[in-house]
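Okay, structure first, notes after.
Just so it is clear, the model here is predicted, and its values are computed rather than measured. Because only heavy atoms are used, hydrogens play no part in the values below, and waters and symmetry mates are left out as well, while side chains stay in.
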Amino acid sequence: KLSKGMKVSSILLLLIFSMVVYLSFLIFRLNQTEVLLDLLFVDVMVKLGVLTLASFLAGLLSCLILESIYFYKKNKD
C-alpha cells in the first residue's frame, strides 16, 4: 500500500511535468521568430522556440549523465 508521502510526491512530480509540458507549448507558440544559427561551417535558420528547447534539453541531458556518473562512482567507493 502506498504511503501518504508517496502519493504527495507522485502528485508533485505530475504537476512539475505538466508545467514543463505547458511551458514548452508556450515557447513553441509564442516564439515564431526565426534566428540564424551559425554552426562551424553551416548557417541554419531555426525558430527561436525550438532552439531554446533544444539547448535546455541538451543541458538537462548532459547534467543527468554527469550526475549519474558521479553517483555511480560515489556508490562504488
Side-chain angles (χ1 to χ4, degrees):
K1 192 170 183 175
L2 292 175
S3 66
K4 185 176 182 177
M6 288 285 287
K7 289 180 184 178
V8 171
S9 65
S10 297
I11 291 173
L12 186 62
L13 184 63
L14 183 63
L15 182 65
I16 290 172
F17 178 74
S18 299
M19 282 182 51
V20 167
V21 169
Y22 178 69
L23 289 175
S24 300
F25 174 74
L26 284 180
I27 288 172
F28 272 126
R29 289 293 288 162
L30 295 177
N31 289 327
Q32 298 298 323
T33 307
E34 288 193 349
V35 293
L36 183 65
L37 178 62
D38 186 17
L39 302 172
L40 216 51
F41 298 110
V42 180
D43 293 337
V44 182
M45 291 297 290
V46 182
K47 292 191 179 194
L48 191 58
V50 173
L51 187 62
T52 304
L53 282 179
S55 62
F56 172 74
L57 291 176
L60 182 68
L61 184 64
S62 63
C63 180
L64 288 175
I65 290 171
L66 291 174
E67 284 291 325
S68 64
I69 291 171
Y70 171 74
F71 284 125
Y72 174 73
K73 287 186 176 186
K74 185 177 178 183
N75 289 338
K76 193 175 180 181
D77 292 338

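- Between the CD atom in E67 and the OG atom in S62 there is a gap of 10.5 Å [rounded to 0.5 Å].
- Rounding to the nearest 0.5 Å gives a distance of 10.0 Å between CG of L37 and CE of M45.
- The cluster map of Ile, Leu, Val, Met, Phe, Trp and Tyr, joined by side-chain heavy atoms under 4.5 Å apart, puts V44 and L51 in the same cluster.
- In this structure, I65 CD1 and L60 CG are separated by 10.0 Å, a value rounded to the nearest 0.5 Å.
- The shortest non-hydrogen separation linking D43 to D38 is OD1-OD1, 2.7 Å.
- Hydrophobic clustering keeps Y22 apart from L13 (ILVMFWY residues linked when any side-chain heavy atoms are closer than 4.5 Å, directly or through intermediates).
- Separation of atoms CZ (F56) and CG (L61) is listed at 11.5 Å; rounding is to 0.5 Å.
- Distance check: T33 OG1 to L48 CG gives 6.0 Å after rounding to the nearest 0.5 Å.
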Going by atom type alone, with no hydrogens or angles, which donor-acceptor pairs under 3.5 Å involve a side-chain atom of residues 14-21 and a protein atom two or more places apart or on another chain?
| residue | atom | partner | partner atom | Å |
| --- | --- | --- | --- | --- |
| S18 | OG | L14 | O | 2.9 |

